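As the structure is a computational prediction, the values presented were derived from the model and not from experiment.
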Amino acid sequence: MVTTSRKQRLYATRIDLPETTRAEVINILNHSLATTLDLKTQVKQAHWNVKGINFYQLHLLFDEMATELEGYVDLIAERATALGGTAMGTARMAVAVTILPEFPLDLANDKDYVVALADRYAPYGKMVREAIDKTGALGDADTADLYTGISRAIDQRLWFLESHLQGN
């Protein structure tokens with residue numbers, strides 16, 4: 001077993017990527033796992049607390065978005081373990097490395113919730129696109145493909161959020 005830079009064991013696998021490549025990819029996966037977990041909980045925060053004329057529509061949309069993110073959490077975590085790593089997926093682990101700011105608690109109306117989520121989806125999407133490039137450059141086309149699917153869906157969700165803000 002090899003230890004990664006995050007003091008994590010790297011278990012043997014028959015996947016034909018070099019150990020150093022797997023270790024680097026696992027670190028990328030764990031970073032995005034943390035941020036995905038954080039984004040999911042922030043979307044749930046919005047789901048629980050949104051108020052305003054569009055409450056019902058946004059309440060349902062935010063719940064759907066959180067459920068979608070939960071699926072990405074599993075995909076990312078399971079890819080890390082398939083490569084011989086350990087998925088670093090507790091709330092405390094996520095807080096330590098997420099790229100997202102804390103969700104504001106002083107939002108006044110439904111539009112503010114949409115803005116707050118759009119302000120988090122945009123950097124998340126950028127992080128995912130960077131992960132596509134990094135894992136592709138490392139020779140892990142499968143992980144790059146996983147991120148490509150996530151990226152497409154995140155861009156669509158950002159479009160949904162931004163569409164609520166247009167014309168207002």
Would [X] and [Y] show up in the same hydrophobic cluster when neighbours are defined by side-chain heavy atoms closer than 4.5 Å?
X	Y	value
Leu61	Trp48	no
Val95	Val43	no
Leu107	Leu105	no

Would you mind reporting whether [Y] and [X] have side-chain heavy atoms less than 4.5 Å apart?
X	Y	result
Met65	Leu161	yes
Thr81	Tyr11	no
Arg22	Leu10	yes
Glu64	Arg157	yes
Lys111	Val114	no

Nearest 0.5 angstrom please: [X] [atom1] to [Y] [atom2], how far?
X	Y	atom1	atom2	value
Thr36	Leu75	OG1	CG	10.0 Å
Leu39	Thr41	CG	OG1	8.0 Å
Leu69	Asp74	CG	CG	12.0 Å
Leu29	Leu83	CG	CG	6.5 Å
Ile154	Met127	CD1	CE	8.5 Å
Asp38	Ile99	CG	CD1	9.0 Å

Is a donor on one side and an acceptor on the other found under 3.5 Å between the side chain of [X] and the backbone of [Y]?
X	Y	value
Asn49	Gln45	yes
Asn109	Gly52	no
Gln42	Pro101	yes
Thr21	Leu17	no

To check you understand the geometry: which heavy-atom pair defines the closest contact between [X] and [Y], and what is its length?
X	Y	value
Gly136	Ala144	N-CB, 3.9 Å
Ser151	Ile132	CB-CD1, 3.9 Å
Arg120	Ala116	NH1-O, 2.8 Å
Leu33	Ala87	CD2-CB, 4.0 Å
Arg79	Asp140	NH2-OD1, 2.9 Å
Ala131	Ile28	CB-CG2, 3.9 Å

Using the rule given for side chain to side chain contact (heavy atoms under 4.5 Å, CB included), can you reason through Ile150 versus Ile76, listing the C-alpha separation, both sets of side-chain angles and the distance that settles it, and then say yes or no? CA-CA 10 Å; Ile150 293 171; Ile76 293 166; 4.0 Å; yes
When you look at Thr90 and Met93, which way does the side chain to side chain contact (heavy atoms under 4.5 Å, CB included) test go after all the steps? CA-CA 5 Å; Thr90 70; Met93 291 171 184; 3.1 Å; yes
Basic-acidic side-chain contact under 4.0 Å: Asp155, Lys126: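 Result for this pair is no, no salt bridge flagged.
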Ion pair Lys44/Glu70, N-O distance below 4.0 Å: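 Between Glu70 and Lys44 there is no salt bridge, as every charged N stays at least 4.0 Å from the carboxylate O atoms.
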Among residues two or more places apart or on two chains, list those pairs meeting ring-ring contact (aromatic ring centres under 6.0 Å, His included) that have a residue in residues 107-145.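 Passing the test, one end in residues 107-145: no pairs.
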With sequence neighbours left out, which residue pairs that include part of residues 59-86 fulfil the ring-ring contact (aromatic ring centres under 6.0 Å, His included) condition? His47-His59, Phe55-His59
What's the verdict on side chain to side chain contact (heavy atoms under 4.5 Å, CB included) for His164 and Asn54, showing C-alpha distance, side-chain angles and the deciding distance? CA-CA 10 Å; His164 278 86; Asn54 296 307; 5.5 Å; no
With side chain to side chain contact (heavy atoms under 4.5 Å, CB included) as the criterion, how do Asp110 and Lys51 come out once you've worked through the C-alpha distance, each side chain's angles and the decisive distance to 0.1 Å? CA-CA 5 Å; Asp110 50 358; Lys51 310 265 188 295; over 6 Å; no
Would you check if there is a donor-acceptor pair between the side chains of Ser32 and Tyr147 at a distance under 3.5 Å?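 Judged by distance alone, the side chains do pair up.
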